[in-house]
2 protein chains.
Amino acid sequence: MKPAEQLFRDYLKSKGLRLTREREEILKEIMKIHGHFEVEDIYLRLRRKKVKVSQTSIYRTLPLLVESGIVQKTPCDRMKARYEHVLGHRHHDHMVCIKCGRIIEFSNERIERLQEEAGKKYRFEILGHRLVLSGLCEECR
Amino acid sequence: MKPAEQLFRDYLKSKGLRLTREREEILKEIMKIHGHFEVEDIYLRLRRKKVKVSQTSIYRTLPLLVESGIVQKTPCDRMKARYEHVLGHRHHDHMVCIKCGRIIEFSNERIERLQEEAGKKYRFEILGHRLVLSGLCEECR
DNA sequence: ATGCGTGCAAATCGTTTGCAGGTTG
DNA sequence: CAACCTGCAAACGATTTGCACGCAT
């Protein structure tokens with residue numbers, strides 16, 4: 001069994017919830033997507049494979065996946081929520097184009113280290129962070 | 001006349017648009033808010049002062065303010081769009097204690113420079129950024 | 001058997017749009 | 001007058017919720 005599914009199962013059990021076929025299918029599909037996705041993406045991909053899961057179930061499952069640390073909501077300008085799975089993915093930050101909504105992922109080791117330093121300076125224990133650069137992407141500027 | 005209003009007037013003129021009473025009131029109110037805001041915030045604040053402006057007008061004015069560089073859309077998780085005015089603000093970042101909610105403002109010149117570098121690497125024009133460290137403050141750890 | 005889960009359809013919420021009347025140059 | 005603006009109400013699209021039935025423990 002894959003770590004993501006194990007994690008999810010443990011999380012659900014700890015909350016007295018169940019790992020149903022639908023939740024399993026949704027998780028499996030999400031783990032196949034490397035990059036951002038929307039609710040509709042999952043729905044269409046599953047439907048294309050004749051896997052029967054309603055959009056409602058996807059909407060209801062996503063918060064559970066976020067809560068269990070497998071999936072993250074990513075920042076966005078648009079109305080539609082975007083997500084990405086986060087297991088086995090190194091941490092990265094985001095640039096969001098305020099014009100077209102494009103999201104560029106990047107990561108910078110030195111920035112991470114400076115954040116740690118800033119934390120120390122204020123005796124603040126950093127448990128997580130989120131850096132978003134907003135601006136114009138190459139095509140929109 | 002304040003620079004923001006001048007900027008806006010120039011922008012509008014360049015597009016053949018007009019600086020109406022409504023647009024002026026909206027801009028004035030936005031410039032008073034130091035931090036982020038939502039459409040409804042502006043609406044309620046104006047209404048409380050008996051200034052008559054419809055939500056529709058706010059929705060229609062915000063893109064103009066963004067386009068003219070006075071206001072920025074800030075990335076967000078929620079459904080509601082959030083904005084902030086961007087003129088004449090020194091930038092700072094935040095540490096948020098997840099236990100007591102305390103917010104520590106800090107700024108770090110070297111982090112800013114590294115961000116600029118990262119932007120250049122992707123040919124991304126950075127107009128704003130937002131760094132949030134979440135964790136435990138001195139007293140809560 | 002007891003709840004939790006499901007899909008559907010209706011409801012909700014933020015935002016956008018069509019329209020009729022008002023204002024500006 | 002032509003073009004822009006406004007407020008209202010209706011439309012819209014993403015998400016949430018109420019409900020009746022189904023399924024897991």
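Residue numbers begin at 1 in each chain, while the letters A, B, ... track the order of the sequences.
Applying a 4.0 Å cut-off to non-hydrogen atoms, none of the residues of residues 61-72 of chain A approaches DNA chain D. Of the residues in residues 50-60 of chain A, those lying under 4.0 Å from DNA chain C by heavy-atom distance are A/K52, A/V53, A/S54, A/T56, A/S57, A/R60. Residues from residues 13-21 of chain B that place a heavy atom under 4.0 Å from any atom of DNA chain D, listed by number: B/G16, B/L17, B/R18, B/T20.
Comparing the local axis fitted to the first five base pairs of the helix from C/dA1-D/dT25 to C/dG25-D/dC1 with the one fitted to its last five gives a bend of 20°, rounded to 10°.
Using a cut-off of 4.0 Å between Lys/Arg side-chain N and Asp/Glu carboxylate O, B/E40 and B/K80 are scored as salt-bridged. Remark: A/E84 does not engage A/K73 in a salt bridge, criterion side-chain N to carboxylate O under 4.0 Å.
In terms of heavy atoms, A/R23 sits closest to A/R18 at NH1-O, 2.8 Å. B/V53 and B/E25 get closest at one heavy-atom pair: CG2-CB, 4.4 Å.
For A/E22, there are no salt bridge (charged side-chain N to carboxylate O under 4.0 Å, His left out) partners, not counting sequence neighbours. Applying the salt bridge (charged side-chain N to carboxylate O under 4.0 Å, His left out) rule to B/E138 yields the partners A/R123; only residues at least two apart in sequence or on another chain are considered. For B/H94, the ring pair (Phe, Tyr, Trp, His ring centres under 6.0 Å) partners two or more places apart in sequence, or in a different chain, are B/H92. Partners of A/Q115 under the side chain to side chain donor-acceptor pair (under 3.5 Å) rule, at least two apart in sequence or in another chain, are A/H129. Shown here are the salt bridge (charged side-chain N to carboxylate O under 4.0 Å, His left out) partners of A/R113, two or more places apart in sequence or in another chain: A/E109. Annotation: salt bridge (charged side-chain N to carboxylate O under 4.0 Å, His left out) contacts of B/E116 (sequence neighbours excluded): none.
For B/K32, the NZ atom counts as densely surrounded, since its 6.0 Å shell holds more than 12 non-hydrogen atoms of other residues, nucleotides or ligands. Within 6.0 Å of the CD atom in A/E105, the count of heavy atoms belonging to other residues, nucleotides or ligands exceeds 12.
Note: A/R9 CZ to A/S68 OG = 13.0 Å, rounded to the nearest 0.5 Å. In this structure, the separation between CD1 on A/I42 and OG on A/S57 is 13.0 Å, given to the nearest 0.5 Å.
Note on A/E22: only backbone sugar-phosphate atoms sit closer than 4.0 angstrom, heavy atoms only; bases stay farther off.
No donor-acceptor distance shorter than 3.5 angstrom exists from the side chain of A/R130 to the backbone of B/L133, with no hydrogens or angles considered.
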>> For A/Q6 and A/D10: C-alpha separation, side-chain torsions, deciding distance, then whether side chain to side chain donor-acceptor pair (under 3.5 Å) applies.
In response: CA-CA 6 Å; A/Q6 189 59 57; A/D10 291 349; 3.0 Å; yes
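Between B/E38 and B/I58, every side-chain heavy-atom pair lies at or beyond the 4.5 Å cut-off.
Taking a heavy-atom distance under 4.0 Å as the criterion, the stretch of DNA chain C touched by chain A extends 5' to 3' from C/dG3 to C/dT15. Along DNA chain D, the stretch of nucleotides lying under 4.0 Å from any heavy atom of chain A spans, 5' to 3', D/dA14 to D/dA24.
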